[in-house]
Peer 1: 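Before anything else, here's the structure in question.
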Amino acid sequence: MTSCSNICDEAVVSYKVLFSHTLQPLQQTEWYGNPRGYNISYRKSTEGESWRFQTIGNPTGNSFVLNDLEEFSTYEVKMAAFNDVGSSELSVPSVERTRESGNENTVYSKIL
Amino acid sequence: MIEELITWKDYEIQIAAFNEKGIGIYSSGIKVKTREGVPSASPTNVQAESINSTCVQVTWTPPNPQQINGINQGYKIQAWRDSAIEKTASMPPSLFDPLAQQSGVICGLQKFMAYNITVLCFTNPGNGKPSTPVAVKTLEDVPDSVNSIHFEDISDRAVKVVWTPPTKLNGVLIGYFIRYGVKDIPSSFRSMNVSSNESAVKVNSLKANTYYSFEVCGISRVGRGQCKSASMKSGVEPVLPKPPINLAVSNIQPFSVVLQFTPGFDGNSSITKWTVEAQTNRNASWHKVFEHCEEPEVSYSLSSTTAAYGSAATAVVSNMESIVVYDLIPFVQYTLRLVAHNVVGPSAPSQPSQLFQTLQAPPAHPPRNVTVRTMSGTQLKVRWIVSFFK
C-alpha cells in the first residue's frame with residue numbers, strides 16, 4: 001500500500017513538472033469562475049466516524065498536511081474545488097494509513 | 001253476390017224467380033266481364049348476360065297467357081343489389097308473337113358490380129310476381145379519374161406529385177400512368193407507370209422557374225382511365241443565403257445564451273442549419289461552438305420555394321428568430337456570429353454580436369490525482385494537481 005502510493009506520487013510529481021507550467025493559461029477554464037480554493041474532507045475509515053473538513057483558501061496550492069491524526073490508523077481523504085458560486089463534485093476517496101509511533105524519520109527516509 | 005268467378009272472363013247472367021212449384025222463366029241475359037287481375041305467374045327461363053360495364057341483356061319466356069289475368073302490358077326487368085331494387089327497365093310485350101321468348105336490355109348499372117336480375121309481367125292493375133333471381137356482374141371498365149392532385153416539396157429541380165385514388169375503380173386497379181412536361185411544349189412530355197399502391201411520385205430533373213403540366217390516370221385490366229391534370233411552377237433556383245443581421249444576446253447563463261437575429265435572404269430555399277461561431281478571451285480565432293438544425297416545416301419550405309417567393313422572403317425578413325446556444329463554457333467572454341446554411345451551402349458569417357461573459361458555475365470537477373502520503377504517525381500529506389486542463 002505504501003509503495004503503491006509512493007509510485008503514484010512520483011508519477012504525479014513528474015507529471016506536474018512537465019505540464020503545470022506549459023499549460024498554466026488553461027488552468028482557469030475549468031474553474032468555471034473566480035477560483036477560491038479547495039475543501040478537504042477526511043475521516044478515519046472506521047464505521048461511524050464523522051467527516052472532518054479543512055478549507056484551503058489558496059487556489060494555486062497543490063498540497064496540504066493534515067495534522068493531529070491518530071497513529072497507525074487508516075484515513076479516507078476526498079477533495080473538492082470551489083469558486084465564487086459553488087463547489088465541484090468530490091474526488092474519489094484516497095486511502096492511507098498513518099505510521100506507527102517512533103522511528104518516523106527512518107521509515108520516511110527509506111521511502112524517499 | 002256471385003263469387004269465385006275467374007278474373008278477366010266474359011259471363012252472361014240471367015235471373016229467374018222461383019216458388020214451391022218451381023223456377024219461372026229466366027230473363028233475357030246480360031253480358032259482363034270480370035275485372036282484370038295481376039298476373040299470377042312470373043316469366044320463366046330467365047337468363048342474363050352483361051354486354052358492357054353498365055348494361056345487361058336479359059331473355060325470358062313469357063308466362064302462360066291463362067295466368068296473365070288481364071291484358072299483358074309488358075315486362076319489368078329489375079336489377080337488385082343488397083336486396084333492394086337499384087334499377088328498373090320496362091318494355092312492352094312482343095307484338096309479333098306474345099308467346100315467343102323475349103329479350104330486353106337494362107342499362108345505367110354500376111360498373112364491375114354484381115347484381116341479381118328478376119323479370120316480372122304486369123297488367124293494368126299491377127305487377128305480377130318477379131321471377132327467381134339470376135346473378136350477373138357488369139363488365140370491368142377503365143377507372144374513373146383520380147380524385148385530386150396536389151404538389152409537395154416544390155424546389156427548383158424536383159417536385160412530389162401526390163394524388164388520391166379514384167372514388168370508383170370500376171375494376172381491378174393495376175397502376176397509375178403519369179405524364180408530365182413543360183406546359184404547352186408537347187415534345188417535352190415524358191411518362192411513367194407506378195404500381196397501384198403508390199399515391200405519390202417524386203419527379204426530378206425539372207428546370208427552375210418553369211410551368212409544368214402533370215397528368216395522372218388510373219389503369220385497370222381494361223385500360224387507362226380518364227386522366228386528371230394539374231400544373232405547377234418549379235421553384236426559383238436556389239443560391240447561397242445571405243448572413244443574418246441584428247444579432248442580440250439575452251438570457252445569459254453559465255452554459256447557454258439566447259441569440260436573437262433577423263434572418264437574411266434565404267437564397268430561395270429554406271434555411272436548414274445555423275452554425276454559431278465564437279471568439280473568446282481564450283481563443284481569438286473564430287471557431288464553431290454550436291449547430292442548430294431547422295425542423296423541416298412543409299409550409300415554410302412551400303411558401304419560400306413556390307412562385308410566391310417574393311412575398312415569402314419579405315415575410316421572413318421581418319420575422320425575428322432566436323436560437324438557444326448551448327455548450328458554452330462558464331465565466332468566459334464571448335463574441336458570437338452566425339452562419340446560415342441552405343441546400344447550396346453556407347452564407348458568409350454575420351456581423352459579430354456584442355461581447356458578453358457567461359455566468360459562473362461551480363467548478364467542472366474536483367482536483368485531479370488526489371494522493372495521500374504518510375508523513376508521520378499523526379500526519380498525512382495530501383497532494384493534488386492544480387491545473388484543470390483536460
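All chains are named by letter (A, B, ...) in the order of the sequence lines, taking the proteins before the strands, and each is independently numbered beginning at 1.
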Peer 1: What's the spacing between A/Met79 CE and B/Asn369 CG if we round to 0.5 Å?
Peer 2: 11.5 Å
Peer 1: Do A/Glu89 and B/His365 have side-chain N/O donor and acceptor atoms under 3.5 Å apart?
Peer 2: no
Peer 1: For the CG atom on A/Asp68, are there more than 12 heavy atoms of other groups (residues, nucleotides or ligands in this structure) within a distance under 6.0 Å?
Peer 2: no
Peer 1: For B/Trp384 and A/Phe64, work out which heavy atoms get closest and say how close.
Peer 2: CZ3-N, 3.8 Å
Peer 1: Is it true that, when you exclude B/Lys207 itself, more than 12 heavy atoms of the residues, nucleotides or ligands shown sit nearer than 6.0 Å to its NZ?
Peer 2: no
Peer 1: Side chain from CB out, backbone as N, CA, C, O: work out which of these in A/Ser91 comes under 4.5 Å of a heavy atom of chain B, or both, or neither.
Peer 2: both
Peer 1: Could you tell me which of A/Leu90, A/Ile40, A/Val85, A/Val92 has the largest number of non-hydrogen atom pairs under 4.5 Å with chain B?
Peer 2: A/Val85
Peer 1: Would a distance-only check, ignoring hydrogens and angles, find a side-chain to backbone donor-acceptor pair under 3.5 Å from A/Glu70 to B/Thr378?
Peer 2: no
Peer 1: Less than 4.5 Å apart, side chain to side chain, heavy atoms only: is that true for B/Val370 and A/Ser94?
Peer 2: yes
Peer 1: Of the backbone (N, CA, C, O) and the side chain (C-beta and beyond), which part of A/Asp84 lies under 4.5 Å from a heavy atom of chain B, both, or neither?
Peer 2: both
Peer 1: Using a strict cut-off of less than 4.0 Å between a Lys/Arg side-chain nitrogen and an Asp/Glu carboxylate oxygen, indicate whether B/Arg368 and A/Glu30 qualify as a salt bridge.
Peer 2: yes
Peer 1: Search all heavy atoms of A/Ala80 against all heavy atoms of B/Pro367 and return the closest pair with its distance.
Peer 2: C-CD, 3.9 Å
Peer 1: Tell me every residue that passes ring-ring contact (aromatic ring centres under 6.0 Å, His included) with A/Phe72, counting only those two or more places apart in sequence or in another chain.
Peer 2: none
Peer 1: Counting only heavy atoms not in B/Phe255, do more than 12 sit closer than 6.0 Å to its CZ atom?
Peer 2: yes
Peer 1: Is there side-chain contact between B/Ile329 and A/Tyr32, with at least one heavy-atom pair below 4.5 Å?
Peer 2: yes
Peer 1: Does A/Asn62 reach the main-chain N or O of B/Arg383 with its side chain, forming a donor-acceptor pair under 3.5 Å?
Peer 2: no
Peer 1: Please confirm whether the backbone N or O of B/Val382 pairs with a side-chain atom of A/Ser63, one donor and one acceptor, at under 3.5 Å?
Peer 2: no
Peer 1: Can you see which heavy atom on A/Leu69 is nearest to which on B/Gln379, and at what distance?
Peer 2: CD1-C, 4.0 Å
Peer 1: Nearest 0.5 Å, please: how far is OG1 in B/Thr374 from CD in A/Glu96?
Peer 2: 3.5 Å
Peer 1: Is any side-chain heavy atom of B/Leu380 less than 4.5 Å from a side-chain heavy atom of A/Thr98?
Peer 2: yes
Peer 1: Near A/Arg43 CZ, under 6.0 Å, is it more than 12 heavy atoms from other residues, nucleotides or ligands?
Peer 2: yes
Peer 1: Would one find more than 12 heavy atoms of other residues, nucleotides or ligands at under 6.0 Å from atom CD of B/Gln357?
Peer 2: yes
Peer 1: What residue among A/Ser87, A/Pro35, A/Ser88 forms side-chain contact (heavy atoms from CB on, under 4.5 Å) with B/Pro363?
Peer 2: A/Ser88
Peer 1: Please output the residues of residues 334-348 of chain B in contact with chain A, using a heavy-atom cutoff of under 4.5 Å, in numerical order.
Peer 2: none
